[in-house]
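Comments concern the structure below.
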Amino acid sequence: MIPSSKPIIEVSHLSHRFSDGSHGIDDISLKIEKGEFVVVAGHNGSGKTTLFRHLNGLLTPNTGDVKVDGVSVSADVLRARQLVGLVFQDADSQIVGETVYDDIAFGPENLCLTPAEVNRRVTSALSAVGLEQLADQRPHRLSGGEKRRLAIAGILAMEPQVLVLDEPFANLDYSGMIQVLSQIVQLHQAGKTIILSTHDLNKTMGHASRLILMKNGSIIKDGLFEKVIHDVGCVGVKMPCTCQLEAIYGENGE
């Protein structure tokens, strides 16, 4: 998908310091356009999650600003959270309903939508992640991959423009990983802007167009996936084998 020229996310000189005085992120600036598929990589503690939580106002910066579709997050947090949906690494932390259907309906119901509109959104979200047959199932009975897809569905029911996923493949077996990756790729193809973090770049090669590398709360590389991937070792991320790179990007990584 070809992104538009207007940024959906604009981060300007963003810094966040924790209560113990340590920096979570330090002077980060970037723009993400509508329709992009962006991967953010870095070792644990590099600032990925902290950055993500500023994109819809879950954290407040010490300095700097985040704009979503041209409006500062601090000026309208509710709008930002409707436009930017964040899926946490721990899917269980986002599951609140007694059934799959109820869990997905939780967000739309809190927007005070009509029952008909809530049902439309839940039905659409179920279809988007392939959980239609499990609508009446209790969430704790789902597999790891199904729980992650349920968490994604709960966010999709809010109809965001941007889907932010923090380590969406963590703790999944191969089957669960394939399920989740397939859903993410389909959502991108359907027009969603995708931003995700991962330690395993094998999964996103060939799908993501852009790779951002973070270290010690700062962005140290940002560019085309096939170019930046050669520098991932400097942020403690394993580089895919040469044969995989050549199979996807050619001998020259292009």
Side-chain angles (χ1 to χ4, degrees), residues 37-53 55-56 58 81 84-108 121-160 162-190 192-208 211 214 232 236-238 240 244:
F37 188 150
V38 181
V39 172
V40 182
H43 58 75
N44 290 334
S46 61
K48 305 185 299 296
T49 298
T50 303
L51 171 62
F52 285 179
R53 288 175 181 248
L55 300 183
N56 68 353
L58 290 178
R81 291 179 183 173
V84 180
L86 175 58
V87 180
F88 300 117
Q89 179 174 339
D90 179 12
D92 286 299
S93 68
Q94 288 184 264
I95 296 174
V96 296
E98 292 188 5
T99 69
V100 166
Y101 184 100
D102 292 340
D103 188 76
I104 299 171
F106 179 81
R121 291 192 180 203
V122 174
T123 301
S124 176
L126 282 167
S127 176
V129 301
L131 291 179
E132 305 100 312
Q133 303 303 314
L134 298 176
D136 297 323
Q137 182 68 273
R138 292 187 178 278
H140 73 271
R141 294 182 178 179
L142 301 179
S143 68
E146 289 167 344
K147 286 182 178 179
R148 196 65 53 84
R149 287 154 62 198
L150 173 57
I152 294 172
I155 296 300
L156 291 178
M158 302 295 285
E159 298 192 344
V162 182
L163 190 61
V164 181
L165 304 107
D166 193 3
E167 296 288 348
F169 313 116
N171 305 317
L172 295 181
D173 59 18
Y174 181 76
S175 175
M177 181 274 293
I178 291 297
Q179 291 173 359
V180 171
L181 177 60
S182 175
Q183 296 301 330
I184 292 171
V185 171
Q186 289 179 37
L187 290 168
H188 178 242
Q189 292 172 344
K192 297 293 184 186
T193 302
I194 303 294
I195 307 170
L196 68 81
S197 64
T198 182
H199 286 87
D200 190 348
L201 297 174
N202 293 287
K203 299 178 176 65
T204 51
M205 280 197 313
H207 302 299
L211 178 59
M214 292 189 66
V232 297
V237 175
K238 182 180 179 181
Q244 290 174 303

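Atom set for the values below is all heavy atoms of this structure, side chains included, hydrogens, waters and symmetry mates excluded.
- Not one N or O on the side chain of K203 forms a donor-acceptor pair closer than 3.5 Å with the backbone of F169.
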* Output, in order, the C-alpha distance, side-chain angles, deciding distance and verdict of side chain to side chain contact (heavy atoms under 4.5 Å, CB included) for L126 and V100. => CA-CA 9 Å; L126 282 167; V100 166; 3.7 Å; yes

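- In this structure the side chain of L196 never reaches within 4.5 angstrom of the side chain of V164, judged on heavy atoms.
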* In sequence, state the C-alpha distance, the side-chain angles, and the governing distance for H43 and V237, and then conclude on side chain to side chain contact (heavy atoms under 4.5 Å, CB included). => CA-CA 6 Å; H43 58 75; V237 175; 5.9 Å; no

* Evaluate the criterion side chain to side chain contact (heavy atoms under 4.5 Å, CB included) for residue pair L142 and Q137; output intermediate values, then yes/no. => CA-CA 8 Å; L142 301 179; Q137 182 68 273; 3.8 Å; yes

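- Donor-acceptor pairing under 3.5 Å is lacking for the side chains of T99 and D136.
- When the shell of 6.0 Å around CG of D173 is examined, it contains more than 12 heavy atoms from other residues, nucleotides or ligands.
- G85 and I155 make their closest contact through CA-CG2, 3.3 Å (heavy atoms, listed as atom of the first residue, atom of the second, distance).
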* When you look at K192 and L156, which way does the side chain to side chain contact (heavy atoms under 4.5 Å, CB included) test go after all the steps? -> CA-CA 10 Å; K192 297 293 184 186; L156 291 178; 4.2 Å; yes

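- In this structure, the side chains of T193 and V38 stay at 4.5 Å or more apart for every pair of heavy atoms.
- The main-chain N or O of V180 is never found under 3.5 Å from a side-chain atom of R149 such that the two would form a donor-acceptor pair.
- With respect to K147 and D92, a salt bridge is recorded, a charged nitrogen being found less than 4.0 Å from a carboxylate O.
- Counting non-hydrogen atoms of other residues, nucleotides and ligands closer than 6.0 Å to CD of E98 gives a total of 12 or fewer.
- Checked by atom type and distance alone, the side chain of S197 pairs as donor or acceptor with a backbone atom of E167 at under 3.5 Å.
- The closest donor-acceptor contact from the side chain of E146 to the backbone of S143 lies under 3.5 Å.
- The shortest distance between side-chain heavy atoms of D103 and L150 falls below 4.5 Å.
- For R148 (side chain) and P168 (main-chain N/O), a donor-acceptor pair under 3.5 Å exists by modelled atom type.
- Of the possible donor and acceptor atoms, none in the side chain of S182 sits under 3.5 Å from a partner among the backbone N and O of Q179.
- Q94 places a side-chain N or O within 3.5 Å of a backbone atom of F88 that can act as its donor or acceptor partner.
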